[in-house]
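Note on naming: letters A, B, ... go to the chains in the order of the sequence lines (proteins, then strands), and numbering restarts at 1 for each one.
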Amino acid sequence: MEKKEYKATLNLPKTSFPMKASLNTREPLLLENWAKEDLYGKMVSLRKGREKFVLHDGPPYANGDIHMGHALNKTLKDIVVKYKTMRGFQSPYVPGWDCHGLPVEHQLFRELGIGKHQIDRRVFREKARDYALRYVSVQREQFKRLGIFADWGNPYLTLDPAYQAKIVECFGKLYLDGYIYRGLRPIHWCATCETALAEAEVEYDEHRSPSIYVAFSVVSGLDKAFPGLGEAELLIWTTTPWTLPANRAVAVRPEFEYSAVRVGARILIIAKELLDRVMADIGVKEFGIVGSCRGKALEKLRVRHPLVERESPIVFSEHVTLDQGTGCVHIAPGHGDEDYQVGRRYGLDVFAPVNEKGEFTKEAGIFAGLKVEDANGKIIEHLRSRGTLLASREVVHSYPHCWRCKNPIIFRATTQWFLGVDRKGLRERALAIIKSVQWIPERGQNRIGSMIENRPDWCLSRQRLWGVPLPILYCEACGEAIVTEGTLQLIRSAVAERGADVWFIEPAEAFIPHGFACPSCGGKEFRKEEDIIDVWFDSGISHQAVLAARAELGYPCALYLEGSDQHRGWFQTSLLTSIALRGDAPFSAVLTHGFIMDGEGKKMSKSAGNVIAPQGIIDRYGADILRLWVASVDYSVDVRISEEILDHLVDAYRRIRNTLRFLLGNLYDFSPERDSVPCDRMEEIDRWILSRTERLLAVVTNAYERYDFCEVYHQIYNFCAVDLSSLYLDILKDRLYTRAAASPERRSAQTAMKRILDILVKICAPILAFTAEDAWREIPGRPENQVSIHLSDWPIRDDHCVSEALEGEWEKLLEVRSEVSKALEVARQGGAIGNSLGARVTISCAEGDLLLLLEEKEEMLADLFIVSQVTVQAVPKAREGEQLSVTVLNAEGKKCGRCWRYSTSVGGNGDHPTICSRCVEVVD
RNA sequence: GGGCCUGUAGCUCAGUUGGUUAGAGCGCGCCCCUGAUAAGGGCGAGGUGGGUAGUUCGAUUCUACCCAGGCCCA
């Protein structure tokens, strides 16, 4: 027989699982196939009656294409859902979208090229609805392309009439339960957009403001603090002179020390620690301290308003600091949140003589009609003329701006509707319930806890167009707010039937029960509230509109999974409403992830030009590469992505894919029922790798349970690269290819490979959703009725082949193998050998346990080292550290033309003069 | 400015309850193979552990400050 013909007698790998993935063309075909099979539907129905694990989707905003943040978030969710499904849970996943709110309004106004007052509300709302629905469908297709399994045909949308009705219902219930109140309160207000802004709608940016020092002369009580001083002035510092007309107090800190300082003809009271800085700032070089006291002693003082004829009290506030200013802080409860809080404590008047356009009202006296920004100059002049101005300059500092129009905004007291966080002990209950929720990572508990502890009441009203109306009516006669079971019932059913637009179509009477009269004055005429509800309320009650409303889900659910910014957003709004409405948290656990950064750890932005979009990654590499990236990073902190990182993932993917391919390729003639070899009759190395594989399964399963996907990734990857590719499979080639196809040795290897493949493909499946599916379909002996790996069960651990002792021995053998490799490399570099099969290795080992082990395993060492011959030699006990030495010589005999190993038996058979005796047996 | 968080080889991650020469895989360099072949294998070189100061016999691991970056808030 010729050399070439011997090749035909080998069992070389065969598989239709291609080396080249071509994910960008292959994945869409799988998606089509999954859709045709209704895989999501099957996934849910397969687990009917099983224990539930519901991950509740936080609704992304229906605006624009999805970005990496969306991709990360949805992929993490999908990994969880796929894993839990394989574990046997019923894990339905209903996706949602947040459809109302300012972003849609902004985009739409931009597209239409008009402003808030230039369009009919009903016409605008129709357009807004179309706009949101357009992006729902854009994003839905983009999410599907990522391989996310979800109830795409039946998502939840906050603009659905049923959802809107639930918003009305929840608001109504909270109202009737006493959580909602109407109050005058300063809020962020954009005078340009003429609207209140939510906290999330405020951006901080540099702004140039006046920086002035103003004296408030003490009119009474001075003797108590500074006996005998006669007269003095409290010095304050502010960057918003326009808030001075609304001044209602001056705040100090009781524990600070205050000095009375003579400056020229006047005596100023300033916090002692800030004295030098203030004097330098107002340009005073000479001054003398004439008295000193604690802030506490200032409490009974009254001071004269610097602009108008009135008096202000001194109050205490923790927010007075020594960072800047004078230690005396001007308080305008109508124009600042902290001021408001202080004012509430002291019963101060919430005064804000500024209208919605940012102009002073007639209550502001001589400043009436001026825009507040423009009034600063006039106010400063006025102070100067009254002799109360000590210094005036300008300062550039961080200042709130409107996220839409980018103009500086103001704090302005307006009538708003609030959810009282301290009503009925809500805050305290929330703080307690937080402790019973599992936060992943744990620091999330601390984070949301301190936020809830400090958060102000929730302003629920918005002066906008696109949202659900506040279901409140007012008596025309007396202004009484009307919210009753009766009105709510009418509103709720009208909204459920016709959508929230009905509020703006029908007259107020449509929502008034027959014969109803104002309980306060008996009035019969009513008008509707014009404001809408904050969109955070929309998504915040999804636990009622979705979890509680859909039988397949259920309230509460197992997990919320969002970016860490949602500690202030959705987690909190969901928690507060859920506790108020149902008395408990809507989730058992909350998992958060970080944000996407570029390769340098900087945030992505158009202007920096470092944006990487998911669509680009999918087009170039495929969704599985993106999914693998998601799994590879530690999402508990910010994650990075760059071309370099993606390149590495492509390499890693290829390694995993080729490992699967090699396993598949060597199982083409293996029938599990017919050919499996029981564990006790397997080759030792096969038992060893099975032991390792079971260990991998245990470690990976545990990592999935902890949502530690990057551990999963590293374990799988290292197993493929190290245990399999460079070791086990490399050694196995000889046996697989050259032994008789049905020999026990080869079947033993295949039995192991089949088990490895089953496990590997399944533990990859939640991550490599597409690749695992393709590989799985190629596995021999798979039950025909299972249409998808995603409908299969998680592997059950088989302890039969697990052996600590065996793994322990092998750890030592592998150390020897590493020594042999080094020696082989030296021989190779010296040109003595090429392929390691050209070598004969002699191991000299000192007497001891290792020697005994090597002698025991001597027969298999040549296979283990992939050389032709191995001899183990005992040497006398050597010095420490020189237990082992390896000698490499050319192999004995001739190279077998079939198995390529060197053997003295080559030439021994007349019929087959070019092959070794072992191969002769196989060929004959 | 405040709260929370991050900073270990080019990359992704380990680890150290303070203790001998800080690990893995990839990438990189050199080499081998050509029966996983747009694959496979071997060897090797890479880290002042963000910086400074302190506590300690000893710090990457503890403390303070600083720098860089992130989320949230002001």
Conformer about C1'-N of B/G46 - syn within 90° of 0, anti elsewhere: syn
A/L72 CG to B/G70 P, straight-line distance once rounded to whole Å: 17 Å
Residue-phosphate contact under 4.0 Å: A/K7 side-chain N/O, B/G35 OP1/OP2: yes
Face-to-face contact A/W900 to B/G35 six-ring, under 5.5 Å, under 30°: yes
A/D565, nearest nucleotide to its side chain (from B/A36, B/C71, B/C31): B/C71
Any donor-acceptor pair under 3.5 Å from A/R746 side chain to A/L736 backbone: yes
Of the listed nucleotides B/A36, B/G10, B/C31, the one nearest the side chain of A/Q829: B/C31
Strand partner of B/C28, provided both Watson-Crick or wobble distances fall under 3.5 Å: B/G44
Charged N-O contact under 4.0 Å between A/R735 and A/E745: no
Listed nucleotide nearest any side-chain atom of A/K822, set B/G44, B/A36, B/A74: B/G44
Closest heavy-atom pair and its distance - A/R455, A/Q572: NH1-OE1, 2.8 Å
side-chain contact (heavy atoms from CB on, under 4.5 Å) between A/L660 and A/W776, worked out: CA-CA 10 Å; A/L660 295 176; A/W776 188 76; over 6 Å; no
Salt bridge present between A/K822 and A/E825 (N-O < 4.0 angstrom): no
Under 3.5 Å on both distances, the Watson-Crick or G-U partner of B/U21: none
Residue A/S821, side-chain atoms from C-beta onward, closest of B/G42, B/G41, B/U12: B/G42
Base partner of B/U16, which must satisfy Watson-Crick or wobble distances under 3.5 Å: none
Rounded P spacing from B/G2 to B/G54 in Å: 25 Å
Whole angstrom value for the distance that separates P of B/U12 from CH2 of A/W629: 11 Å
Rounded distance in Å between the C1' positions of B/A36 and B/A68: 45 Å
Complementary nucleotide of B/A39, counting Watson-Crick and G-U pairs under 3.5 Å: none
Side chain A/R447 and base B/C71 donor-acceptor under 3.5 Å: yes
Residue A/L729, side-chain heavy atoms: nucleotide from B/U12, B/A36, B/C73 that is nearest: B/A36
Selected nucleotide, minimal atom distance to A/S726 side chain, candidates B/U12, B/A39, B/G42: B/G42
N/O (side chain, A/R640) to phosphate O (OP1/OP2, B/U6) under 4.0 Å: no
Atom-to-atom span, OH of A/Y717 to P of B/A24 - whole angstrom: 15 Å
A/R817 vs B/G41: side-chain N/O to OP1/OP2 distance below 4.0 Å: no
Distance below 4.0 Å between A/K733 side-chain N/O and B/G41 OP1 or OP2: no
Base-pairing assignment for B/A74 (Watson-Crick or G-U wobble, both under 3.5 Å): none
Rounded distance (Å) that lies between atom P of B/C72 and atom CD of A/Q566: 9 Å
Note: A/D624-A/R657 ion pair, threshold 4.0 Å (strictly below): no
Whole angstrom value for the distance that separates P of B/U37 from OH of A/Y737: 8 Å
Nearest-angstrom distance, P atom, B/C73 to B/U12: 28 Å
Pairwise C1' distance, B/C13 and B/C66 [rounded to whole Å]: 28 Å
Any strand: nucleotide that pairs with B/G69 via Watson-Crick or wobble, under 3.5 Å: B/C5
Ion pair A/D565/A/R568, N-O distance below 4.0 Å: no
Option passing ring pair (Phe, Tyr, Trp, His ring centres under 6.0 Å) with A/H335 (candidates A/W189, A/Y340, A/W242, A/F411): A/W242
Distance test, side-chain N/O of A/S725 to OP1/OP2 of B/G41, below 4.0 Å: yes
Spacing of the C1' atoms in B/A22 and B/G40 (rounded, Å): 31 Å
side-chain N/O A/R455 vs B/G3 OP1/OP2, d < 4.0 Å: no
Side chain of A/D634 (C-beta onward), nearest among B/A36, B/C5, B/C13: B/C13
Nucleotide of B/G25, B/G40, B/U37 approaching A/V722 most closely (side-chain heavy atoms): B/G25
Under 3.5 Å donor-acceptor pair, A/T15 side-chain atoms to B/A36 base atoms: no
A/K602 NZ to B/C71 C1', straight-line distance once rounded to whole Å: 17 Å
Of the listed nucleotides B/G70, B/C4, B/C33, the one nearest the side chain of A/R443: B/C4
Under 3.5 Å on both distances, the Watson-Crick or G-U partner of B/A64: B/U52
Between P of B/G70 and CE of A/M68, the distance in whole Å: 18 Å
Residue closer to the 5' end of RNA chain B, A/F662 versus A/S450 (nearest nucleotide): A/S450
Assigned partner base of B/A59, Watson-Crick or wobble definition, under 3.5 Å: none
Nearest-Å distance once atom P is located in both B/C30 and B/G70: 38 Å
Same-atom distance (P) from B/G18 to B/C57, integer angstrom: 16 Å
Euclidean distance for C1', B/G44 against B/G25 (whole angstrom): 16 Å
Listed nucleotide nearest any side-chain atom of A/L10, set B/C71, B/G35, B/G40: B/G35
A/E338 vs A/D638, nearer the 5' end of RNA chain B by closest nucleotide: A/D638
Distance in angstrom units between A/Q750 CD and B/A36 C1', rounded: 15 Å
Ion pair check, A/D734 and A/R901, cut-off under 4.0 Å: yes
